Amino acid sequence: MYDYLIVGAGLFGAVFAHEAVARGKTCLVIDKRPHIAGNIYTETINGITVHRYGAHIFHTNDKTVWEYVNKFAEFNNYINSPIARYKDELYNLPFNMNTFNKMWGVKTPAEAMAVIEKQRAEAGVTEPKNLEEQALLLVGRDIYEKLIKGYTEKQWGMDCTELPAFIIKRLPLRFIYDNNYFNDRYQGVPVGGYTRIVERLLLGGEVRLNTDYVDFSKKNERIAAKIVCTGSIDEFFGYRYGTLEYRSLRFETHELAEENHQGVAVVNYTERSVPYTRVIEHKHFEFGRRPNTVVTREYPVVWKKGLEPYYPVNNAKNNALYLKYKELADERLDVIFGGRLGRYQYYDMDTVIAKALEAEKSES
Ligand code: FAD
Ligand code: UDP
């Protein structure tokens with residue numbers, strides 16, 4: 001009998017396991033995938049670190065989390081500065097003076113604010129009730145139409161009027177010439193990739209891959225005193241109240257015999273008619289200089305059981321359903337739910353680490 005059965009060898013499960021082992025506890029970590037690290041898994045293809053499940057840039061304002069993660073890897077000084085491509089027009093992201101200059105020819109913050117203010121007034125939104133209204137209020141109609149609407153509707157498979165406003169609040173808006181996608185104090189990509197971080201975190205815990213909790217639990221009912229569930233909360237409860245909705249992705253990766261394909265790590269395709277949302281050129285995350293390159297196209301797809309649930313769809317309907325599962329979860333004192341799927345929340349890596357540390361600490 002173990003102290004903890006940890007379902008999911010992703011970031012949450014690995015941090016929890018590491019801390020529990022350090023406290024003298026025994027952990028069995030299972031994952032249904034054939035590898036550790038969950039969605040932050042990276043692998044090497046001909047000398048290039050490839051982010052198998054989409055671009056991952058570590059960024060945080062939390063010094064404790066930054067110091068913690070730096071114990072397990074050395075981070076480079078990569079700063080994410082993606083390009084948005086709308087038809088043949090290229091714009092800097094996030095929305096900043098470079099974007100406004102290209103969009104309207106304005107040169108000063110006051111000129112940019114005046115254009116946005118005019119478009120805001122025309123849209124007539126004061127209390128945004130959905131993503132479209134939030135975007136119009138934030139940046140006006142031109143940017144919404146060219147850089148947000150198409151991308152967002154592809155990404156989420158829904159009209160912007162049906163989506164919650166908070167999704168777009170993730171993006172900074174600045175009236176300075178600064179293309180850093182994030183506002184956080186600390187940022188970088190681990191040298192050698194993320195998998196090594198998780199490998200190091202899991203030292204001392206026992207790991208079984210290709211092991212699905214649903215089958216495993218039938219044969220191993222009393223294997224641990226407590227369960228840490230980082231898989232989907234609705235799956236854990238046998239979909240008793242119905243299925244929470246997720247958004248899935250399909251990644252198409254190619255190695256190319258050229259040195260520099262797109263000149264930047266991330267290009268967002270914001271037009272509705274292009275079926276993919278992003279093209280990632282992995283070598284630029286590590287300032288690579290090899291003669292070859294690896295690129296990945298990211299296609300949003302409708303999620304159904306059996307596909308990877310990448311993004312929780314936190315609209316009113318799903319949040320209400322989640323709360324019903326949360327009530328069941330609160331009654332299960334033998335189970336800790338954590339991570340993006342266990343909490344049905346759009347968490348970045350730094351939040352996942354902070355929450356895992358908190359969850360483990362509250363055990364002692
Ligand atoms: P996961 O990594 O999903 O781990 C959960 C694990 O549980 C998985 O390995 C899964 O196989 C396993 N599992 C599920 N169900 C079962 C079961 N029934 N039995 C056994 N195992 C099971 N964050 C950032 O900070 N910066 C970024 O740039 C960034 N980019 C992202 C890009 C994309 C495309 C996506 C999807 C996410 C991105 N994130 C980013 C978020 C980041 O991936 C997550 O915060 C983090 O990976 C979540 O860790 P987790 O352990 O909660 O979940
Ligand atoms: N977004 C957009 N245009 C872009 C990039 C992002 O409209 O070029 C919107 C989109 O709705 C997306 C949200 O902003 O879901 C958050 O973007 P982020 O890059 O943080 O998404 P993630 O990396 O988590 O997929």
Side-chain angles (χ1 to χ4, degrees), residues 5-16 29-41 51-60 65 80 82-86 91 93-95 99 131 134-135 139 143-144 146-156 158 160 163-164 166-172 181-182 184 187 189 194 198 208-217 228-233 235-236 246-249 251 266-270 277-278 280 285 296 298 300 308-312 337-343 345-353 355-356:
L5 169 66
I6 301 179
V7 181
L11 192 57
F12 189 99
V15 169
F16 192 99
V29 184
I30 61 168
D31 203 297
K32 62 181 177 188
R33 296 189 202 184
H35 60 74
I36 59 165
N39 288 342
I40 66 172
Y41 178 72
H51 300 207
R52 162 101 64 99
Y53 302 100
H56 278 77
I57 300 105
F58 200 96
H59 56 97
T60 189
V65 166
N80 198 31
I83 295 291
R85 179 166 174 168
Y86 175 77
Y91 294 94
L93 291 173
F95 310 128
T99 328
L131 195 149
Q134 178 67 48
V139 286
I143 291 180
Y144 170 64
K146 287 189 172 179
L147 303 183
I148 297 175
K149 189 175 176 1
Y151 184 99
T152 300
E153 293 187 352
K154 279 195 282 197
Q155 169 77 346
W156 296 98
M158 268 188 236
C160 285
L163 283 163
F166 83 89
I167 292 175
I168 199 74
K169 286 192 196 150
R170 284 169 60 87
L171 302 187
Y181 199 60
F182 302 113
D184 292 336
Q187 183 173 172
V189 169
Y194 289 91
V198 178
R208 283 190 218 169
L209 299 174
N210 300 304
T211 304
D212 192 317
Y213 173 72
V214 180
D215 300 328
F216 182 82
S217 60
V228 176
C229 172
T230 76
S232 305
I233 188 168
E235 180 192 67
F236 185 90
Y246 298 89
R247 201 62 187 145
S248 197
L249 298 168
F251 298 100
V266 183
V267 178
N268 288 1
Y269 284 77
T270 59
T277 45
R278 295 191 264 219
I280 308 302
F285 288 124
T296 300
E298 192 175 313
E308 281 302 333
Y310 289 103
Y311 293 99
F337 291 87
R340 263 203 174 191
L341 303 175
R343 290 289 175 136
Q345 287 282 323
Y346 196 67
Y347 290 146
D348 281 325
M349 290 179 276
D350 61 329
T351 312
V352 168
I353 292 177
K355 299 258 177 210

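All of these numbers come straight from a predicted model, not from anything done at the bench. We count ligands from 1, going down the list as the structure has it; atoms in each ligand are counted the same way.
Counting only heavy atoms of the protein, atom 19 (N) of ligand 1 lies nearest to Tyr213 N, 2.9 Å. Looking from atom 48 (C) of ligand 1 to the surrounding protein, the closest heavy atom is Val352 CG2, 3.9 Å. Annotation: atom 4 (O) of ligand 1 to nearest protein heavy atom, Gly10 CA, 3.6 Å. Of all protein heavy atoms, the one closest to atom 21 (N) of ligand 1 is Lys32 N, 3.1 Å. The nearest protein atom to atom 3 (O) of ligand 1, hydrogens excluded, is given as Asn39 ND2, 3.5 Å; this is a heavy-atom distance. Residue, atom and distance of the protein heavy atom nearest to atom 18 (N) of ligand 1 are Glu235 OE1, 2.8 Å.
Contacts of Ala55 with ligand 1, taken as heavy-atom pairs under 4.0 Å, involve the backbone alone.
Not one N or O on the side chain of Thr230 forms a donor-acceptor pair closer than 3.5 Å with the backbone of Ile6. Using modelled atom types, no side-chain atom of Asn268 and backbone atom of Thr270 make a donor-acceptor pair closer than 3.5 Å. For the pair Gln134 (side chain) and Lys169 (backbone), a donor-acceptor distance under 3.5 Å is absent. In this structure a side-chain-to-backbone donor-acceptor pair under 3.5 Å is present from Ser248 to Glu308. Side chain of His56 to main chain of Gly54: a donor-acceptor pair is present (N/O by atom type, distance under 3.5 Å, no hydrogens or angles). With hydrogens and angles disregarded, a donor-acceptor distance shorter than 3.5 Å links the side chain of Lys154 to the backbone of Tyr269. Listed for the Asp348 side chain is no donor-acceptor partner under 3.5 Å among the backbone atoms of Asp350. Between the side chain of Thr277 and the backbone N or O of Glu298 there is at least one donor-acceptor pair closer than 3.5 Å. A donor-acceptor pair under 3.5 Å links the side-chain atoms of Arg247 to the main chain of Gln155, judged by distance alone.
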One line per pair, note the atom names and distance for all nitrogen or oxygen contacts under 3.5 Å between ligand 2 and the protein.
unit_1, atom_1, unit_2, atom_2, d
ligand 2, 3 (N), Leu147, O, 2.9
ligand 2, 7 (O), Ile148, O, 3.4
ligand 2, 7 (O), Thr152, OG1, 3.0
ligand 2, 8 (O), Asn268, ND2, 2.9
ligand 2, 11 (O), Thr152, OG1, 2.8
ligand 2, 15 (O), Trp156, NE1, 3.0
ligand 2, 19 (O), Tyr181, OH, 2.6
ligand 2, 20 (O), Arg170, NE, 2.9
ligand 2, 20 (O), Arg170, NH2, 3.1
ligand 2, 21 (O), Tyr346, OH, 3.3
ligand 2, 23 (O), Arg278, NH1, 3.0
ligand 2, 24 (O), Arg170, NH2, 3.2
ligand 2, 24 (O), Tyr346, OH, 2.6
ligand 2, 25 (O), Arg278, NH2, 3.0
ligand 2, 25 (O), Tyr311, OH, 2.5

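Residue contacts with ligand 1: Phe58 is excluded, as none of its non-hydrogen atoms falls under 4.0 Å. At least one heavy atom of Thr211 lies less than 4.0 angstrom from ligand 1.
Nearest to atom 33 (C) of ligand 1 by heavy-atom distance, out of Tyr311, Phe182, Tyr310, is Tyr311. When the heavy-atom distances from atom 41 (C) of ligand 1 to Lys355, Met349, His35, Arg340 are ranked, the shortest goes to Arg340. The heavy atom nearest to atom 27 (C) of ligand 1, considering only Ile57, Val214, Ile40, Thr277, is found in Ile57. With atom 5 (C) of ligand 1 as the reference point, the heavy atom nearest to it among Thr230, Ile280, Ile30 is part of Thr230. Comparing heavy-atom distances from atom 29 (C) of ligand 1 across Arg33, Arg278, His56 singles out His56 as nearest.
The side-chain heavy atoms of Asp31 and Ile36, taken from C-beta on, include no pair separated by under 4.5 Å. Side-chain contact check for Phe285 versus Ile280: some heavy-atom pair is nearer than 4.5 Å. Annotation: side chain of Leu147 is not in contact with side chain of Tyr151 (no heavy-atom distance under 4.5 Å).
With Arg340 as reference, Tyr311 is the one residue of Phe12, Tyr311, Tyr246 to meet the side-chain contact (heavy atoms from CB on, under 4.5 Å) rule. Paired with Val7 under the rule side-chain contact (heavy atoms from CB on, under 4.5 Å), one option of Phe236, Phe337, Tyr213, Phe216 passes, and it is Tyr213.
Residue Phe12 places at least one N or O, backbone or side chain, under 3.5 Å from an N or O of ligand 1. Not one N or O of Gly13 is nearer than 3.5 Å to an N or O of ligand 1, by distance alone. In terms of N/O distances under 3.5 Å, ligand 1 is approached by Leu11. Looking at Asp350 next to ligand 1, no N or O pair under 3.5 Å apart turns up. Where the criterion is an N or O separation shorter than 3.5 Å, residue side chain and backbone included, Asp31 meets it with respect to ligand 1.
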inquiry  = Under the criterion side chain to side chain contact (heavy atoms under 4.5 Å, CB included), I'd like the reasoning laid out for Leu11 against Tyr347: C-alpha separation, chi angles, the key distance, then a yes or no.
reply    = CA-CA 11 Å; Leu11 192 57; Tyr347 290 146; over 6 Å; no
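Every residue two or more places apart in sequence or in another chain that forms a salt bridge (Lys or Arg N to Asp or Glu O under 4.0 Å) with Glu153 is listed here: Lys149. Residues meeting the side-chain hydrogen bond (donor to acceptor under 3.5 Å, both in side chains) test with Tyr91, sequence neighbours left out: Glu89. Checked against salt bridge (Lys or Arg N to Asp or Glu O under 4.0 Å), Arg343 has no partners two or more places apart in sequence or in another chain.
Which parts of ligand 1 touch Tyr347 is read off a 4.0 Å heavy-atom cut-off, strictly below it: atoms 41 (C), 44 (C), 45 (O). Numbered from 1 in the order shown, with element, the atoms of ligand 1 that lie under 4.0 Å from a heavy atom of Tyr53 read 33 (C), 34 (C). Per-residue contacts place Asp212 under 4.0 angstrom from the following atoms of ligand 1 (heavy atoms of the residue considered): 17 (C), 18 (N), 19 (N). Atom numbering of ligand 1 starts at 1 in the shown order; those under 4.0 Å from a heavy atom of Gly339 are 52 (O). Atom numbering of ligand 1 starts at 1 in the shown order; those under 4.0 Å from a heavy atom of Gly231 are 14 (C), 15 (N). Near Leu249, the atoms of ligand 1 lying under 4.0 angstrom from a non-hydrogen atom of the residue are 34 (C). Close contacts between ligand 1 and Gly8 involve ligand atoms 6 (C), 7 (O), 12 (C) [criterion: under 4.0 Å to a heavy atom].
Contact annotation for atom 23 (N) of ligand 1: protein present (non-hydrogen atoms, distance under 4.0 Å).
In summary, the aromatic rings of Tyr53 and Tyr194 are positioned with their centroids too far apart to meet the 6.0 Å limit.
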